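Reading through the structure tokens given below for one structure.
Everything numeric here is computed off the predicted structure, so don't read it as measured data. Each chain gets a letter, A, B and so on, in the order its sequence line appears, and its residues count up from 1.
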2 protein chains.
Amino acid sequence: MADGTTGGENLLFLTDEQLRKGIEAMFFAYRGFTADPDRILADMSYGRAHHRALHFINRSRGTTVNNLLAVLGVTKQSLNRVLRTLIEDGLVESRVGREDRRERHLYLTAEGAELERQLSEAQRARMRAAYRAAGPQAVAGFRQVLEAMMDDSIRSHYTALKDGRP
Amino acid sequence: MADGTTGGENLLFLTDEQLRKGIEAMFFAYRGFTADPDRILADMSYGRAHHRALHFINRSRGTTVNNLLAVLGVTKQSLNRVLRTLIEDGLVESRVGREDRRERHLYLTAEGAELERQLSEAQRARMRAAYRAAGPQAVAGFRQVLEAMMDDSIRSHYTALKDGRP
DNA sequence: CGTCTTAAGTCAGCCTTGTTGACTTTCCAA
DNA sequence: TTGGAAAGTCAACAAGGCTGACTTAAGACG
């Protein structure tokens, strides 16, 4: 139909203008999303990559390096550089697998858990304020759109974590 | 109250669990968000920074370097490196200001506009699919949460662009 | 047992994109 | 006429991606 509707359903939210606003919103919001942890990390000799590693090791205690690689979507060499410093600094512990001794299982130490808690609390504080300002219905929509935006290959990692599956 | 409600209003959406899901959704979704333009850019000798510059020059034709700096949130030196290659390659034109001749006003050339169109169409396609899958109400919530997540100092740039203000 | 594969780690080198700091040129405005 | 803002440039550095090549250890399997 010429008026932008189909069978009574309004599709105005799919115009290029609307999409552009969503794109710009993603760009600016992501800056805010990372701003607070980045400020904390800047004082130490760590960066965003260390935060991500700490986050997912905390979320999936005892995860293997290979699994972490898949979740983070980076190369082994890239992750290894980050992981090595975290292990050397005593924030992460790497244990040889009991069933398959080729694997290394990763755990946060008490110190690592403390930094992770500090970083994620800063990030949650902003998210909490945004959620509160927008309300529960908006939050549901927010999560729906984000989930639909993920690559198919990535979404399974997200839903597994979301539902607390191993 | 001990059951997570306050005056009848359910605040379950503000639990740390819910916030964590939102944080992980942002992380994975942003990867999808940038994936398609990144693939196109990988073939050329350009990166994500070039895409961002092209996008905002297109959105605010004739913008000054200083304004672009504020919107992108990077240093002059960082932007300059990107801008120089775009100008050298004939994708962006830099015109001396007519009123204030210290300023440079930035415009896309026909070639620059063509690349910008290609990149943003790839990005819009994914956004369109996500919007369509989630529906108009979810999209409204998505935008509300993102806007609330931005830094205060950044939100004005977003709303100015959103409403088409100069 | 021997071979193949997988998991992990490492070394070297490259690129993009961010940063600081110092400096120049241009030119508006007080 | 002079101060300061806008723009641009050079140098140096760091984080964090990447590829390629290679080693070590150990499970899998014919």
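At the heavy-atom level, His50(B) lies under 4.0 Å from the strands shown only through sugar-phosphate atoms.
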- Message: I'd like to compare against my own output: the B/S/- annotation of nucleotides 17-26 of chain D with a strict under-4.0 Å heavy-atom distance to protein.
- Response: BBBBB---BB
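Judged by distance alone, with hydrogens and angles left aside, the side-chain atoms of Arg155(A) form no donor-acceptor pair with the main-chain N or O of Ser153(A) at under 3.5 Å.
A search for side chain to side chain donor-acceptor pair (under 3.5 Å) contacts involving Thr63(B) returns Asn67(B), not counting sequence neighbours. Listed by chain and residue number, Leu72(B), Ser78(B), Leu79(B) satisfy the side-chain contact (heavy atoms from CB on, under 4.5 Å) test with Val74(B) (two or more places apart in sequence, or in another chain). Evaluation of the side chain to side chain donor-acceptor pair (under 3.5 Å) rule for Asp36(A) yields Arg39(A), Arg126(A) as partners, not counting sequence neighbours.
Side-chain nitrogen and oxygen atoms of Asn80(B) include none within less than 4.0 Å of the OP1 or OP2 phosphate oxygen of dA7(D).
The shortest side-chain heavy-atom distance between Leu115(A) and His51(A) does not fall under the 4.5 Å cut-off.
In this entry the distance linking CD1 of Ile87(B) with P of dA7(D) reads 12 Å, nearest Å. We find that CE of Met44(A) is positioned 14 Å from P of dA15(D), with the value rounded to whole Å. Separating the NE2 atom of His105(B) from the P atom of dA6(D) is a distance of 12 Å, rounded to the nearest angstrom.
Legend: ring pair (Phe, Tyr, Trp, His ring centres under 6.0 Å) pairs involving residues 52-104 of chain B, not counting sequence neighbours, sorted by first then second residue: Phe27(A)-Phe56(B), Phe28(A)-Phe56(B).
Remark: the His50(B) side chain and the Thr85(B) side chain contain an N/O donor-acceptor pair separated by less than 3.5 Å.
Residues Glu99(A) and Leu83(B) both approach DNA chain D. Their nearest nucleotides, taken by heavy-atom distance, put Leu83(B) toward the 5′ side.
Using a 4.0 Å cut-off between charged side-chain N and carboxylate O, Arg31(A) and Asp151(B) make no salt bridge.
The outermost nucleotides of DNA chain C lying under 4.0 Å from heavy atoms of chain A, listed 5' to 3', are dT6(C) to dC11(C).
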